[in-house]
There are 2 protein chains.
Amino acid sequence: MVRDRVRSQARLVAAVGQVLTEAGFKGLGVNAVARRADLDKVLIYRYFGGFDALLEAYARSGDLWWSVDEIVGEHLPGPEQDSLAAWCVLALKRQVAALRQRPVTQQILAWELVEPSPLSRALSELREARTRQLVGRLVERGGGRAHGLLPTLHGLLGAASLYLVLRAHSVGQWHGVDFTTEAGWGRLDGAIAALVHAALGEPQATPSRR
Amino acid sequence: MVRDRVRSQARLVAAVGQVLTEAGFKGLGVNAVARRADLDKVLIYRYFGGFDALLEAYARSGDLWWSVDEIVGEHLPGPEQDSLAAWCVLALKRQVAALRQRPVTQQILAWELVEPSPLSRALSELREARTRQLVGRLVERGGGRAHGLLPTLHGLLGAASLYLVLRAHSVGQWHGVDFTTEAGWGRLDGAIAALVHAALGEPQATPSRR
DNA sequence: CTTGACATTCACCTGTCAGTGACATAGTGC
DNA sequence: GCACTATGTCACTGACAGGTGAATGTCAAG
């Protein structure tokens, strides 16, 4: 028996993420987390004060949402450096990629539609704050030319792609497109690009309607 | 004690819907349904063969998804009768309204992101079939002039608004807009209209950017 | 070595879940 | 009235959930 409080705390926090990826929110509970951490569940109450507090500790520890730099960090190659539409398309594509490689975040987002939890509350705050930053940054990157439709576009297409990512695990089909294959995601990228360019009134460099 | 098999079956099927609206999918189970129907749970096994079969019976009985006529049934008033964009906007708005007044459908759609069930499978089939009809009808209504972006637009904006309806119960905030108020839904309608008209290249009759 | 604090485990409580077997009762044909 | 069938009720099992009190083991200070 190793006696190390901080190590046990860390193992419990890590076990939350492991249970979420393996069993989803449905299988998340005191017993499952303790079992996964190979520790007794009573430690959750002693060290954190309860299960919700453990979830909050996990939310603080994890890389649940992406930074603005992860989305619009690098410069765009080629002649479109100042195109607002090109930046917007890039941002939306990268947000899809960022979400797809965060299975835990997907689980939380899916579960918050059924029942909000401390995890989803923490995630909401992060998301709203970083989205504001991101839209501001997009305007900068696009040469400072604001466009009335930009927040609308980003908000609606962001919601659409987020939903499609969440669906991919369970159902996978949406309007005839199969999102269990990479080809399906390619069609989503194409659709986003076509729509953004049409809406912002900039002709598309490489037209790719779906 | 009333002894009437068909009546008891009907009460069990109805209880599924009642439990779903009152407690959501999380509270749906053999015990809850039987309690709500004021019958013994053993009847679920006797009459339907199991809980999943009861869910399938409920799916067949209920008005889970809307008909195409409910969305594009009547003629549009005014001079925009043949505008594809106007029809598309109307369809999207009515789909939001149709979903908002179907709490059970919302529960099923939220739950299928966590774990598919017989109910979500039945719903998926309905949805995919009727969506195909709907897009076809839209093209007719819009004067037969197909537009390459129409399926894309309808698919993405449909996904976005569906997701926002599902969020409204639990979180309510999206990109600064509050979807617990009617004003928030008005902004969604405006955003959809602005985007559709911009994307389809038809000037908007009453401009209403968000 | 002794003592005491603390990390950790064990055993148990209560409640809910899905599912089943045995029993009670009502209506029907005879 | 009698027997049979179908409807409905009751009581139970085993599994698992969240949560808690007491006991066990380990380490370090004295």
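Proteins get letters first, then strands, A, B, ... in listed order; numbering begins at 1 in each.
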Drop me the distance from B/His175's NE2 to A/Thr152's OG1, to the nearest 0.5 angstrom. 11.0 Å
If you assign A/Asn31 and A/Arg46 each to the DNA chain D nucleotide with the nearest heavy atom, which residue ends up on the more 5' nucleotide? A/Asn31
Nearest-angstrom distance from the residue atom CG of B/Leu12 to P of D/dT9: 11 Å
Over how many whole Å does the gap from B/Asp40 atom CG to D/dA6 atom C1' extend? 15 Å
Calculate the interatomic distance between A/Lys26 atom NZ and D/dA17 atom C1'; express it in whole Å. 14 Å
Is the shortest side-chain N to carboxylate O distance from A/Glu22 to A/Arg36 below 4.0 Å? yes
Would A/Asp69 and A/Ser67 count as a side chain to side chain donor-acceptor pair (under 3.5 Å) if you check the C-alpha gap in whole Å, the side-chain angles of each, and the deciding distance to 0.1 Å? CA-CA 5 Å; A/Asp69 283 337; A/Ser67 70; 5.3 Å; no
Expressed in angstrom and rounded to an integer, what is the separation of A/Tyr47 atom OH from C/dT9 atom C1'? 11 Å
Filter on side chain to side chain donor-acceptor pair (under 3.5 Å), then keep only pairs touching residues 47-65 of chain A, sequence neighbours left out; what's left? A/Asp63-A/Arg102
Whole angstrom value for the distance that separates C1' of D/dG19 from CZ of A/Phe48: 17 Å
Which nucleotide sits closest to the side chain of B/Val42: C/dG21, C/dG19, C/dT8? C/dG21
Applying a 4.0 Å non-hydrogen cut-off, can you work out what B/Tyr45 is touching in the nucleic acid: base, sugar-phosphate, or nothing? base
Between the two ends of the helix from C/dC1-D/dG30 to C/dC30-D/dG1, what is the bend in degrees, rounded to 10 degrees, where each end axis spans five pairs? 20°
Pick the closest DNA chain D nucleotide for B/Lys41 and for B/Arg7 by heavy atoms, then say which residue is nearer the 5' end. B/Arg7
Minimum side-chain heavy-atom gap A/Leu28-A/Phe51 below 4.5 Å: yes
Spacing between B/Leu43 atom CG and C/dT20 atom P, to the nearest angstrom: 14 Å
Centroid-to-centroid, B/Phe179 to B/Trp185, below 6.0 Å? yes
Whole angstrom value for the distance that separates C1' of C/dA26 from CZ of B/Arg3: 4 Å
Pair A/Val6, A/Asp4 - check side chain to side chain contact (heavy atoms under 4.5 Å, CB included), show working. CA-CA 6 Å; A/Val6 288; A/Asp4 187 339; 3.0 Å; yes
